[in-house]
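Not measured: the values here are computed from a predicted model. Positions are given from 1, in the same order as the sequence printed here.
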Amino acid sequence: GTYAVSLTTINSSGASNTTTRAYSVGVQSSFTNDIFHVATNGNDTTGSGTLASPWLTIAKAASVVTSGDYVAVHSGYYPEFVDVSRDVATNRIQFIGYGARASGFKVRVSNHTVRGFELDYSVADAANSPQYTYQAADNVYWVDNYVHDTPDGIRGVYVAATGDPSPTNGALNGRVDNCRFKNIGYIVVEISNGSNWVVRANQVNHTTSEGDFLRPMGSNHWIQDNWCSDLNNGSTGGHADFFQIPLGSFWCRDIVVER
């Protein structure tokens, strides 16, 4: 229908002015973005992904969701390394954990968020991090996750490299935001290529093997408000850095580090 909305303003002298406008309000025929559910008592065969009939695995949800969808992963342990590979997200797809623990995610495609999970690399995978972004996956956000107890050589976050060192050939416009890292077995955050990543408000407590906090290759990254404690070189005989660019063909430029 059509509704009239009036706004009256009064100044300090008491003079008032009223403006009235008419607005037409329609009813949306359908909700285009779905919310799917995963729970430890779900079933991938008979479940429909609803709250009343959830799926059992995050992988099942990843094989079904489409652009703009949400996946609510309920409390419990999910012994899987989730491969997000369906390139269907023109609008962001979000995997949101509500007390959920999994081994990790590897995101191969753009416009995805992984938020609120406990990730422990308990199921080994070829990916060298429980938060793994492929080089073609732009706009990937890792937010509010707790990553802990990874083996030697396994990073907290890894953004994969290409053979060409140009930053435009890596993942663009990603975020690592408000994550907690504890007992990480190697570099905490490694951006091996790409540009315009934000690494912000993360907490690191103890690394166990050549535990650098940050290796930001590429360009135009913004590093802000991160807190680190007990970066440790472990038994490697090496060293631990807050910020490191390795020797060789690696490079970076236009990196901002604040506080």
Side-chain angles (χ1 to χ4, degrees), residues 28 30-40 42 44 47-121 123 125 127 129-148 156-160 171-181 189 191 194 196-203 222:
Q28 187 173 344
S30 63
F31 181 63
T32 57
N33 297 333
D34 289 320
I35 301 175
F36 295 106
H37 295 265
V38 176
T40 55
D44 284 352
S48 59
T50 63
L51 180 60
S53 181
W55 291 314
L56 176 62
T57 65
I58 309 169
K60 172 65 176 181
S63 72
V64 172
V65 292
T66 190
S67 183
D69 288 346
Y70 295 78
V71 179
V73 183
H74 295 271
S75 178
Y77 173 51
Y78 299 84
E80 52 182 313
F81 210 109
V82 185
D83 192 339
V84 180
S85 58
R86 296 180 67 241
D87 192 7
V88 294
T90 53
N91 294 318
R92 182 169 299 279
I93 292 173
Q94 299 193 50
F95 293 84
I96 304 176
Y98 296 92
R101 177 167 68 98
S103 179
F105 287 77
K106 49 188 178 185
V107 180
R108 300 176 185 266
V109 289
S110 300
N111 300 319
H112 284 76
T113 294
V114 178
R115 178 191 297 269
F117 284 86
E118 178 184 349
L119 303 173
D120 61 6
Y121 207 78
V123 177
D125 188 86
S129 168
Q131 299 185 118
Y132 191 102
T133 307
Y134 277 74
Q135 57 264 30
D138 298 335
N139 304 304
V140 172
Y141 294 176
W142 304 99
V143 183
D144 297 335
N145 298 311
Y146 172 42
V147 184
H148 62 91
V157 178
Y158 185 67
V159 181
L172 310 177
N173 305 316
R175 297 185 71 97
V176 182
D177 206 342
N178 201 40
C179 292
R180 292 186 298 135
F181 300 92
V189 178
I191 303 169
N196 301 319
W197 275 76
V198 175
V199 180
R200 178 183 174 276
N202 301 286
Q203 298 182 34
W222 182 36

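Contact between Gly156 and Ser129 at its shortest, heavy atoms only, is O-OG, 3.1 Å. In terms of heavy-atom proximity, Ser63 sits nearest to Lys60 at OG-O, 2.6 Å. Between Gln131 and Val157, the shortest heavy-atom distance links the atoms NE2-CG2, 3.0 Å. When all heavy atoms of Ala137 and Val107 are compared, the pair lying nearest together is CB-O, 3.6 Å.
For the pair Ile191/Val199, a side-chain contact is recorded, criterion being any heavy-atom separation below 4.5 Å from C-beta on. Contact check for Val123 versus Glu80: no side-chain heavy atoms found under the 4.5 Å cut-off.
Note that the CG atom of Leu172 and the CD atom of Gln135 stand 11.5 Å from one another [nearest 0.5 Å]. Between His112 atom NE2 and Asp87 atom CG the span is 8.5 Å, to the nearest 0.5 Å. To the nearest 0.5 Å, the span separating CD1 on Ile93 from OG1 on Thr66 amounts to 6.0 Å. Atom-to-atom distance recorded for Asn196:CG and Asn173:CG is 5.0 Å, nearest 0.5 angstrom. Rounding to the nearest 0.5 angstrom, the gap separating the SG atom in Cys179 from the CG atom in Leu119 is 8.5 Å. We find the CG-CZ distance between Asn178 and Arg115 to be 9.0 Å, quoted to the nearest 0.5 Å.
Under the 3.5 Å distance criterion, the side-chain polar atoms of Asn202 are left unmatched by any main-chain donor or acceptor of Phe181. No donor-acceptor pair closer than 3.5 Å links the side chain of Trp222 to the backbone N or O of Val198. Counting only distance, with no hydrogens or angles, the side chain of Ser110 and the backbone of Asn139 share no donor-acceptor pair below 3.5 Å. Judged purely by atom type and a 3.5 angstrom limit, Gln94 has no side-chain atom pairing as donor or acceptor with the backbone of Tyr70. Judged by distance alone, the side chain of Asp120 and the main-chain N or O of Arg101 form no donor-acceptor pair under 3.5 Å. The main-chain N or O of Arg108 is never found under 3.5 Å from a side-chain atom of Ser85 such that the two would form a donor-acceptor pair. Looking only at distances, a side-chain donor or acceptor of Asp44 sits under 3.5 Å from a matching main-chain atom of Leu56. A donor-acceptor pair under 3.5 Å links the side-chain atoms of Trp197 to the main chain of Ala171, judged by distance alone.
For Tyr98, there are no side-chain hydrogen bond (donor to acceptor under 3.5 Å, both in side chains) partners at least two apart in sequence or on another chain. Residues satisfying the side chain to side chain contact (heavy atoms under 4.5 Å, CB included) criterion with Ala100, sequence neighbours excluded, are Val73, Tyr78, Phe117. Judged as a side chain to side chain contact (heavy atoms under 4.5 Å, CB included), and not counting sequence neighbours, the contacts of Thr50 are Ser48, Ala52, Ser53. Listed by chain and number, the residues in a side chain to side chain contact (heavy atoms under 4.5 Å, CB included) with Asp177 are Val143, Arg175, Arg200, Ala201 (sequence neighbours excluded). With sequence neighbours excluded, no residue forms a side-chain hydrogen bond (donor to acceptor under 3.5 Å, both in side chains) with Asp138. Not a single ring pair (Phe, Tyr, Trp, His ring centres under 6.0 Å) links Tyr77 to another residue, sequence neighbours left out. Every residue was checked against the side-chain hydrogen bond (donor to acceptor under 3.5 Å, both in side chains) condition with Tyr132, not counting sequence neighbours, and none meets it. Partners of Phe81 under the side chain to side chain contact (heavy atoms under 4.5 Å, CB included) rule, at least two apart in sequence or in another chain, are Ser103, Lys106, Tyr121, Asp125, Ala127. In this view, Glu118 and His148 satisfy the side-chain hydrogen bond (donor to acceptor under 3.5 Å, both in side chains) rule, not counting sequence neighbours.
Under the 30°/60° scheme for interplanar angles, the aromatic rings of Trp142 and Phe105 are found to stand perpendicular.
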